[in-house]
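Have a look at the structure below before the remarks.
Quantities reported herein were computed from a predicted structural model and do not represent experimental measurements. As the structure lists them, so they are numbered: ligands from 1, and atoms in each ligand from 1.
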Amino acid sequence: MRRLTRRDFIRASALGMGAVVVSSGLTGCGGSSSNRNSDNGNERLVAFHHGVASGDPQTQGVILWTRVTPEDGDTSPVSVSWEVASDADFTQLVNEDSTEVRQAYDYTLKVDVQGLEPGKTYYYRFHAAGVTSPVGVTRTLPEGSVDQVTFAVLSCSNYPAGFFHVYAEAAKEAQLDAVLHLGDYLYEYATDGYDGDQAEQMGRALPENNDLEMIQLVDYRRRYALYRTDPDLQALHAKAPFIAVWDDHEIANDAWMEGAENHDSTEGDYLLRKQYALQAYFEWMPIRPFDDNDREIIYRSFHYGDLVSLHMLDTRIIGRDEQLSYTDYLTDTGLDAEAFTAAVTDPNRHLLGTTQLNWLSEALATSSATWQVLGQQVLMGRMLMPAEMLQGLLAPAPELVTLIEELTTLKGRYLQGDPTLTEEEIARITTVLPYNLDAWDGYMAEREVLLQTAKQLGKNLVVLAGDTHNAWASHLTIDGGEGKQSVGVELATASVSSPGLEYYLQLPTEAIPQAEQAITLLVDDLQYLNASQRGYLRVTFTAEETRADWRFVSTVKSSDYQVDEARGHSMTVQAGSPALTQAD
Ligand SMILES: [Fe+2]
């Protein structure tokens with residue numbers, strides 16, 4: 001008999017991975033809820049501690065999610081029924097049925113409800129052993145001519161780092177077609193691993209049975225369960241369907257195809273750890289597998305009639321080559337610029353990978369929607385900073401502030417065409433390097449192919465990004481025949497609770513606005529930056545324009561907070577003209 005190889009094992013786990021998705025195409029009311037109050041006659045004690053959720057809407061369907069917690073110590077399956085109605089009082093039922101949830105899937109349930117109508121709001125809830133879940137609201141995709149589409153865009157929620165006020169505020173939005181979660185839905189670290197110093201006093205320390213780094217399946221499952229007890233996150237899930245993609249921390253920091261910065265051999269086999277992480281993701285997130293035979297594939301499209309085609313991408317798991325590191329190109333005389341440039345522009349270097357890139361090119365080519373929107377993780381804009389400033393980022397704050405002042409003065413003179421600038425001064429601001437090699441800046445050739453494709457197809461391209469914990473807006477440029485040319489825009493959301501540049505640079509609060517303005521001036525394609533606040537991005541599409549509204553909260557370190565109206569920021573982009581303009 002052939003011994004099972006590791007490959008066999010991985011394949012077997014991949015096939016068995018994730019929650020069972022129960023399909024339900026029933027319409028009308030069947031009254032099949034006889035098991036509602038008991039399991040085969042045995043009374044069960046259960047609770048819905050983790051709320052409800054919906055996701056991956058289609059024109060006639062949507063994924064509904066819940067998790068049942070057996071509270072009687074009985075590990076046998078639990079019967080659960082669900083109801084979907086077109087009214088909040090559940091008098092107009094359009095779908096109901098029941099199934100069982102099992103320990104093998106961590107008692108999570110995903111129902112793929114079909115037979116719904118396009119562009120409609122639905123209400124849903126679950127029942128188990130006489131207990132009823134909270135009610136969730138969801139929306140199907142519209143068809144045909146669509147006037148307006150609104151998304152809330154969020155990323156990077158670290159439970160021990162702060163309260164989820166940002167989720168609470170997004171849940172108060174009057175009209176959301178969907179919530180786009182761009183990843184880092186949770187973090188793999190131990191309590192003290194990442195900005196967790198105040199976790200204890202905020203009552204947000206990780207529980208004892210889950211306070212170490214997530215490595216095994218049970219660790220990932222317990223971390224999702226903890227996050228889902230948060231009332232603000234529950235409120236947002238109950239408010240609108242999520243369209244989610246993972247970033248690195250759903251697995252481990254700076255993940256790529258075959259490894260991650262935060263994984264070493266003492267933590268076991270990376271591929272096995274990744275399978276555990278993805279299994280828990282599919283169990284706990286309201287996501288529909290794109291390909292039933294390969295649940296590592298999560299890139300997929302959502303079409304909002306003739307207005308928006310939303311293409312969700314995976315820049316982590318499926319095709320990313322390992323990140324470059326500046327330290328590999330340092331010589332005794334400084335950076336070996338030639339070798340570094342050759343590596344970072346290598347056409348064989350991939351972020352999406354060839355298969356996903358081909359899929360995306362085809363998706364862009366075949367969609368006639370006004371706006372082509374990419375929902376993805378890492379910054380696509382060219383974040384090229386003066387090399388001197390990159391080195392200066394490591395300097396103490398006062399020196400950094402002085403350096404920033406010097407460089408911005410020079411850049412201002414340069415932009416005004418000051419003839420008295422010396423060659424040396426010009427070199428100080430035109431010798432630039434990407435600041436983050438984990439972003440698209442570390443994969444320049446593939447970015448060029450993508451942006452050239454969008455240009456050739458003549459599409460209105462709006463790229464959404466998370467990952468950095470700061471709010472940014474950039475022009476996406478290519479080197480056209482006559483200099484740089486903008487072919488799209490990037491709108492990046494701040495984080496829900498993970499710390500931003502202010503934490504890394506240790507800048508005093510009063511120096512932050514100046515640093516934000518300076519970085520915006522020094523980085524050519526950058527049009528806006530908020531480097532110090534937690535928040536979310538609301539994006540509204542109409543036939544004429546895309547409008548971005550960044551909203552921030554005053555703090556995530558205390559349960560008291562306000563929306564910081566003064567620092568909210570809005571920009572617009574007109575269809576047919578890929579340029580960002582400040583809006584009121
Ligand atoms: Fe993050």
Side-chain angles (χ1 to χ4, degrees), residues 152-167 170 179-197 199 204 206 213-214 220 223-224 226-227 230 232-233 236 242 244-256 260-263 274 277-278 280-281 285 298 312-317 320 323 351 375-381 383 435-442 463-472 490-505 529-537 550 552-553 556-557:
V153 184
L154 301 104
S155 72
C156 300
S157 40
N158 185 19
Y159 189 95
F163 291 95
F164 287 169
H165 302 320
V166 172
Y167 284 138
V179 172
L180 310 189
H181 203 294
L182 303 182
D184 291 359
Y185 184 91
L186 43 59
Y187 283 78
E188 80 274 22
Y189 300 109
T191 294
D192 57 358
Y194 187 37
D195 193 25
D197 329 345
R204 295 180 76 82
L206 300 174
E213 186 176 323
M214 310 189 282
Y220 286 98
R223 195 64 57 88
Y224 279 100
L226 168 71
Y227 277 57
D230 185 279
D232 298 325
L233 178 53
L236 187 56
F242 269 49
V245 282
W246 54 57
D247 195 4
D248 51 340
H249 290 286
E250 281 86 348
I251 304 106
N253 184 51
D254 282 0
W256 56 285
E261 178 275 334
N262 192 24
H263 182 87
K274 180 177 72 173
L278 303 195
Y281 187 85
M285 297 300 285
I298 57 164
M312 302 299 286
L313 306 181
D314 172 12
T315 60
R316 283 292 166 195
I317 298 301
R320 178 191 277 258
Q323 294 85 347
L351 185 63
Q376 53 94 51
Q377 298 81 359
V378 291
L379 285 186
M380 191 179 288
M383 296 297 301
Y435 102 102
N436 183 358
L437 298 176
D438 181 60
W440 281 87
D441 267 337
V463 174
L464 306 172
D467 178 59
T468 70
H469 311 169
N470 305 293
W472 315 80
E490 177 168 54
L491 309 170
T493 184
S495 62
V496 172
S497 68
S498 303
L501 276 179
E502 84 288 357
Y503 172 86
Y504 297 103
L505 302 185
L529 165 64
N530 179 314
S532 66
Q533 291 186 297
R534 315 284 69 84
Y536 70 99
L537 166 65
W550 286 269
F552 303 100
V553 296
V556 297
K557 298 294 188 189

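Taking the charged nitrogens against the carboxylate oxygens, Arg320 and Asp254 have no contact shorter than 4.0 Å, which rules out a salt bridge. Under a 4.0 Å N-O distance rule, the pair Arg534/Glu502 qualifies as a salt bridge. Ion pair Asp197/Lys557 not flagged as a salt bridge, since none of the NZ, NE, NH1 or NH2 atoms sits closer than 4.0 Å to an Asp/Glu carboxylate oxygen.
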Open item on the list: Could you walk me through whether Ile317 and Ile298 satisfy the side-chain contact (heavy atoms from CB on, under 4.5 Å) test, starting with their C-alpha distance in whole Å, then the side-chain angles of each, then the deciding distance to 0.1 Å, before giving a yes or no?
Closed with: CA-CA 9 Å; Ile317 298 301; Ile298 57 164; over 6 Å; no
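Here the protein contributes Cys156 SG, Asp184 OD2, Tyr187 OH, His469 NE2 as N, O or S atoms under 2.8 Å from the Fe ion (ligand 1).
Counting only heavy atoms from C-beta outward, the side chains of His249 and Tyr189 approach each other to under 4.5 Å.
Not counting sequence neighbours, the partners of Tyr281 by the ring-ring contact (aromatic ring centres under 6.0 Å, His included) test are Trp246.
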